[in-house]
Amino acid sequence: MYIREKNEEIIENVISTALISAMEKGDFQVETLPEIMLEVPREKEHGDYATNIAMLLPKLAKKAPRVIAQSIVDNAMIDDTPIKSIEIAGPGFINFRLKDQWLDEVVTQIHEMGNDYGKTTGHRGKTYNLEFVSANPTGPMHMGNARGGAIGDILASIAQWTGYEVTREFYINDAGNQIEKFGDSLDVRFRQLMGEDIPFPEDGYQGEDITEHMQTFIEEEGGTDACARYMQMEEAQRKEIFVQRCLKLNISKMQKDLETYGIHYDVWFSEQSLYENKDIEKALTLLKESGDTYEEEGALWFATTKYGCEKDDVLVRNNGLPTYFLGDIAYHLNKFVTRGFDRCINVWGADHHGHIARLKAAMTATGVDAHRLDIVTMQLVRLMRDGETVRMSKRKGETVSLVDLIEEVGKDAARFFFNLRSPDSHFDFDLGLALEQSNDNPVFYVQYAHARICSILRQMEEEQPQSDLNLTLLKEPEEKSLMLRLSTLPEEIIIAEEKMDPSRLTRYAIDLASDFHSFYNACRVRVDDEGLRNARLALIQATRTVLKNTLTLLGVEAPERM
RNA sequence: GCGCCAAUAGCUCAGUCGGAUAGAGCAACGGCCUUCUAAGCCGUGUGCCCGGGGUUCGAAUCCCUGUUGGCGCGCCA
């Protein structure tokens, strides 16, 4: 159990025990006690913890806040606890101060736990599916996918650290209209390369990659003469060949690029497989059994409005083909029912937020508790160049690809940068700033802290520190601040998981690095005083562990030298 | 028109289960390297927390309303 957690539990116990004995003595009387809330005061002068309980009671107890607070303080038993003092302040806050020793215990605990420091077991035994990126396999991945990748992968790591058994999953949209368009685009480019004068479809994929695919194809098949036989084929058959081949190439390219980005998926799930395994039909049967489907104008509808949505949605078109919506329902039933995940989280672009309610509705209708499904919506990245917005369109082929970005700024900077702001905040990516390798990039600041520590440790290895560790020698404010920061990693991870906001960890890393740099400038580690030297050595070793653990969660390297 | 998300320092953003004097980075200015990496540290100041109502001991935070911006509202995905 973590020290902070233990302290908080003790303080809460002290408060509730004090409340009960105060009431037994007749100081005041209430029917039901409100939940005891502890907060960490912004001002250090207000102690380590504060509670507002005495300000919540007056309405029920008919006594003034400070009177109630006094009564609580009078009845508080703090002997043999880590609590140093209790006082009443302001309008009725009760402030708690802890004995200094608790911070020393944090350092000791970090040494004991090492790479596991920060892990908790609250969700042990539960399975967690995280689906993210899921870019269309019809072309290269762009900057939006880069943000989704960083958010999803880090969220997955965070979930693992809170005890979940996590599966990272990529949903391949290898069925439906996009694929049709992909085939059309490939086919027309092929025929153009073969010398036919035909116009390119208005809504086709105009990217260079389509043409390059077909150029490679023709080369590999032995040139235009050898490819003449493809021109003789039925169009549909030819397209099928092109699609199969190029889809495979695109998918393996995505796998490779995502690995470069530090993301490894456990499952690549094919939309097409939902058709082959009859999952679509099974989903349809379940939906029909719910009684919330009906036929109209030749299509099959799902009465989404029954679940509070704005309008009903089509499941099967009047041409007999399932919609993407039905496919998505089947996919999620596969996750929840067939594979039995306890929780499923999807990272979606905010432009898909309209689908959240209806997907949840479909889960409810088919008997899946919709609370098990969560969607993290991510505001799309707005690309800025020379102070102006650049519109990106995959269809027109106007993209800055994920690969280009990683080549320019590196995996670490890209991941760090995309995870700097909460997913729901609009995010401007300034190309000029990102493509020049600038020191403004905060990832260097954090990595530098780690490298600095390693440098000191290298020099001290030869100097053979003695045992007899006495952490009470760490008294400087910079030392205390650093220790305090070290103590909060476990709860930061828990909160990041609860709020599904991985950017909190990035900011934690920056704050921790900042506390270390301040310490570094204020306190020298390699001092003559052996006791102090040992204590500071222990502190920076603990700091290195915590920095390393945080960077590991973020998927960013922790360099030993810079 | 309806729905979702946002609006906080010059800029980019934290803070939002209601708490004590609203924070950080960047930008500006001034200091700190004969001492463990100056990719660092320290200091200086700036806010009608978008406007207007309401709820209460207390509101950037909750409710209502208006404004502005992004996105969505297809038998596309």
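Letters A, B, ... are given to chains in the order of the sequence lines, protein chains preceding strands, and every chain is numbered from 1. Since the model is a prediction, treat every value here as computed from it, not as a measurement.
Applying the 5.5 angstrom centroid cut-off and the 30 degree plane-angle cut-off, the aromatic ring of A/H353 is not stacked upon the base of B/G72.
Distance A/F519 CZ to B/C41 C1': 13 Å, rounded to the nearest Å. In this entry the distance linking NZ of A/K44 with P of B/G23 reads 14 Å, nearest Å. Taking atom CG of residue A/N52 and atom C1' of nucleotide B/G18, one finds them 9 Å apart after rounding to whole Å. Here B/G70 presents its C1' atom at 19 Å from CH2 of A/W348, a figure rounded to the nearest Å.
The nucleotide whose nearest atom lies closest to any side-chain atom of A/R504 is, among B/G15, B/A14, B/C75, B/G15. With B/C73, B/A20, B/C36 as the candidates, the nucleotide lying closest to the side chain of A/K311 is B/C73. With B/C41, B/G3, B/U21 as the choices, the nucleotide that has an atom nearest any side-chain atom of A/Y445 turns out to be B/C41. Candidate nucleotides B/C36, B/C76, B/U21 were compared by shortest atom distance to the side chain of A/R42, and B/U21 ranks first.
A sub-4.0 Å separation between OP1 or OP2 of B/G74 and a side-chain N or O of A/R317 is absent. Regarding contacts with the backbone of B/A24, every side-chain N or O of A/R507 stays at 4.0 angstrom or more from both OP1 and OP2. Checking the phosphate oxygens (OP1, OP2) of B/C4, no side-chain nitrogen or oxygen of A/Q379 falls inside 4.0 Å.
Taking the six-membered ring wherever Trp is involved, the centroid distance between the rings of A/H517 and A/Y445 falls below 6.0 Å. A centroid separation of 6.0 Å or more is found between the aromatic rings of A/F269 and A/F170.
In this pair, A/Y294 and A/W301 present their aromatic rings parallel. The plane angle is below 30°, not in the 30 to 60° band.
In this structure B/C41 sits in the anti conformation; its chi angle is more than 90° from 0.
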